[in-house]
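Structure, as structure tokens:
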Amino acid sequence: MNASPYRGRFAPSPTGLLHAGSLCTAVGSYLEARARGGEWLLRMEDLDPPREVAGAADAILRTLEAYGFEWDGEVAYQSRRHDLYRHALERLIAAGHAYPCNCTRKEIAESSLRGLDGYVYSGHCRQRRPEEGGRAWRLRVAPGDTVVEDRLQGPYRQNLATDIGDFVLLRADGYWAYQLAVVVDDAEQGVNDVVRGADLLVSTPRQLAVQRALGVAAPAYCHLPVLVNAAGEKLSKQTLAPAVAAEDAAAALRLALSRLGHAPPEECGGLAELWQWARAHWSLARVPAGPVVVG
């Protein structure tokens, strides 16, 4: 039986404009898809309206177009996929994998220890029955290690029960949690290879747990290096990373490629030449695994 054709994706969040770090992720995921003769999908992760910036989604699309990215199919918007997430949660509840939680943030902070990514939930509401309802819904995690076989970072091991705890699928404010939405989207869209920033590696075991509970196949994973400033902080909207400009597209693309271990020759001056060179020379073996410090 032939393996499924490669299908990757880039999934920015419109909580701000495209910056140098997200551009590197877009470049890496795009080139890996094209080098493998596959498709590259674009998905807008717009599930957190309070944090979104007005007009950011359209601005991100315009910037990607200005930089010469070409995606396959229509752009998917998470804000239009609520029924898929609701159906997945109902399946998890029916199978006994999800339970309602009434704990407040204050109660969790007072009763839990710090883990790898926030507080490790104590399991206070684990015995609540679905019919009792709750403020949020959590996934019941199993004990033992989960191992992510990452193509760039190598094996990554995490014990969800002790490092994370039962985690949220539907938030108390009514918004879907990233961990559920991303799994549902990747499965529904047929994404079988995920290339994204290494800052998301810590959340990957949670996604594997959701995939197992739903009975869907896990994609392969490759986590690219994050860009950090001199203080070691990840370039992000929170650290006020400036947006990349459309008028500097060629220079910014050249810099992004260099940061990914692919320094184009000087004679590649324009966008078309840079992309042609990058497609011909792209190799994950040249990409650094550790953080890349930017000035």
Looking at Val120, Asp117, Leu139, which hits side chain to side chain contact (heavy atoms under 4.5 Å, CB included) with Phe167?
->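 Running side chain to side chain contact (heavy atoms under 4.5 Å, CB included) over Val120, Asp117, Leu139 with Phe167 returns exactly one hit, Leu139.
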Quick one: sort the His223 and Tyr221 rings into parallel, tilted or perpendicular, breaks at 30° and 60°.
->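 If you compare the ring of His223 with that of Tyr221, the planes turn out parallel.
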Stepwise side chain to side chain contact (heavy atoms under 4.5 Å, CB included) check, Val147 with Tyr156 = CA-CA 6 Å; Val147 180; Tyr156 173 74; over 6 Å; no
Residues Trp275, Tyr30; criterion ring pair (Phe, Tyr, Trp, His ring centres under 6.0 Å); working and verdict = CA-CA 10 Å; Trp275 279 124; Tyr30 180 73; 5.1 Å; yes
Are [Y] and [X] co-members of a hydrophobic cluster defined by side-chain heavy atoms under 4.5 Å apart?
X: Val168; Y: Tyr121; result: no
X: Leu61; Y: Leu271; result: yes
X: Leu253; Y: Ile60; result: yes
X: Leu208; Y: Val195; result: no
X: Leu227; Y: Leu255; result: no

Could you check whether any side-chain N or O of [X] sits under 3.5 Å from a backbone N or O of [Y], counting only pairs where one atom can act as donor and the other as acceptor?
X: Ser22; Y: His19; answer: yes
X: Asp166; Y: Val141; answer: yes
X: Asn192; Y: Pro5; answer: yes
X: Asn229; Y: Glu233; answer: yes
X: His281; Y: Trp277; answer: yes
X: Arg128; Y: Gly133; answer: yes
X: Gln276; Y: Ala272; answer: no
X: Glu188; Y: Asp185; answer: no
X: Asp248; Y: Ala251; answer: no
X: Arg140; Y: Gly96; answer: yes

Distance-only polar pair, side chains of [X] and [Y], donor-acceptor under 3.5 Å:
X: Arg34; Y: Ser29; value: no
X: His262; Y: Trp282; value: no
X: Gln158; Y: Asp145; value: no
X: Arg9; Y: Gln189; value: no
X: Glu65; Y: Tyr67; value: no

Walk me through it: do Leu170 and Leu180 pass the test side chain to side chain contact (heavy atoms under 4.5 Å, CB included)?
-> CA-CA 8 Å; Leu170 179 63; Leu180 176 66; over 6 Å; no
From CA spacing to verdict: side chain to side chain contact (heavy atoms under 4.5 Å, CB included), Gln207, Tyr178 = CA-CA 9 Å; Gln207 291 154 38; Tyr178 168 76; 3.4 Å; yes
Are [X] and [Y] side-chain neighbours, meaning at least one heavy-atom pair lies under 4.5 Å?
X: Pro205; Y: Val148; result: yes
X: Glu32; Y: Leu284; result: yes
X: Val210; Y: Val182; result: no
X: Tyr175; Y: Leu47; result: no
X: Gln179; Y: Ser203; result: yes
X: Val226; Y: Leu235; result: no

Does [X], at its [atom1] atom, have more than 12 non-hydrogen atoms belonging to other residues, nucleotides or ligands within less than 6.0 Å?
X: His82; atom1: NE2; value: yes
X: Asp173; atom1: CG; value: yes
X: Glu74; atom1: CD; value: no

Full working for salt bridge (Lys or Arg N to Asp or Glu O under 4.0 Å) between Asp48 and Arg171 | CA-CA 11 Å; Asp48 199 351; Arg171 292 164 23 182; 3.4 Å; yes
Validate the cation-pi geometry between Arg114 and Tyr119: distance from NZ or CZ to the six-membered ring centre under 6.0 Å, angle to the ring axis within 45°.
->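 Yes - Arg114 lies over the ring of Tyr119, closer than 6.0 Å to its centre and within 45° of its axis.
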Tell me whether the guanidinium CZ or amine NZ of Arg80 lies under 6.0 angstrom from the six-membered ring centre of Tyr77 and within 45° of its axis.
->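 Verdict for Tyr77: a cation-pi partner in Arg80.
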What is the distance from atom CG of Leu224 to atom SG of Cys24, rounded to the nearest 0.5 Å?
->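 If we round to the nearest 0.5 Å, Leu224:CG and Cys24:SG are 8.5 Å apart.
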Output, in order, the C-alpha distance, side-chain angles, deciding distance and verdict of salt bridge (Lys or Arg N to Asp or Glu O under 4.0 Å) for Arg105 and Glu110.
-> CA-CA 9 Å; Arg105 288 189 179 186; Glu110 291 173 346; over 6 Å; no
Would you give me the side-chain donor-acceptor pairs under 3.5 Å for residues 288-295, sequence neighbours excluded?
none

Run the ring-centre check on Tyr6 versus Trp40 and record whether the distance is less than 6.0 Å.
->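 No, too far apart.
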Worked check of salt bridge (Lys or Arg N to Asp or Glu O under 4.0 Å) between Arg7 and Asp72 | CA-CA 10 Å; Arg7 179 171 284 185; Asp72 296 290; over 6 Å; no
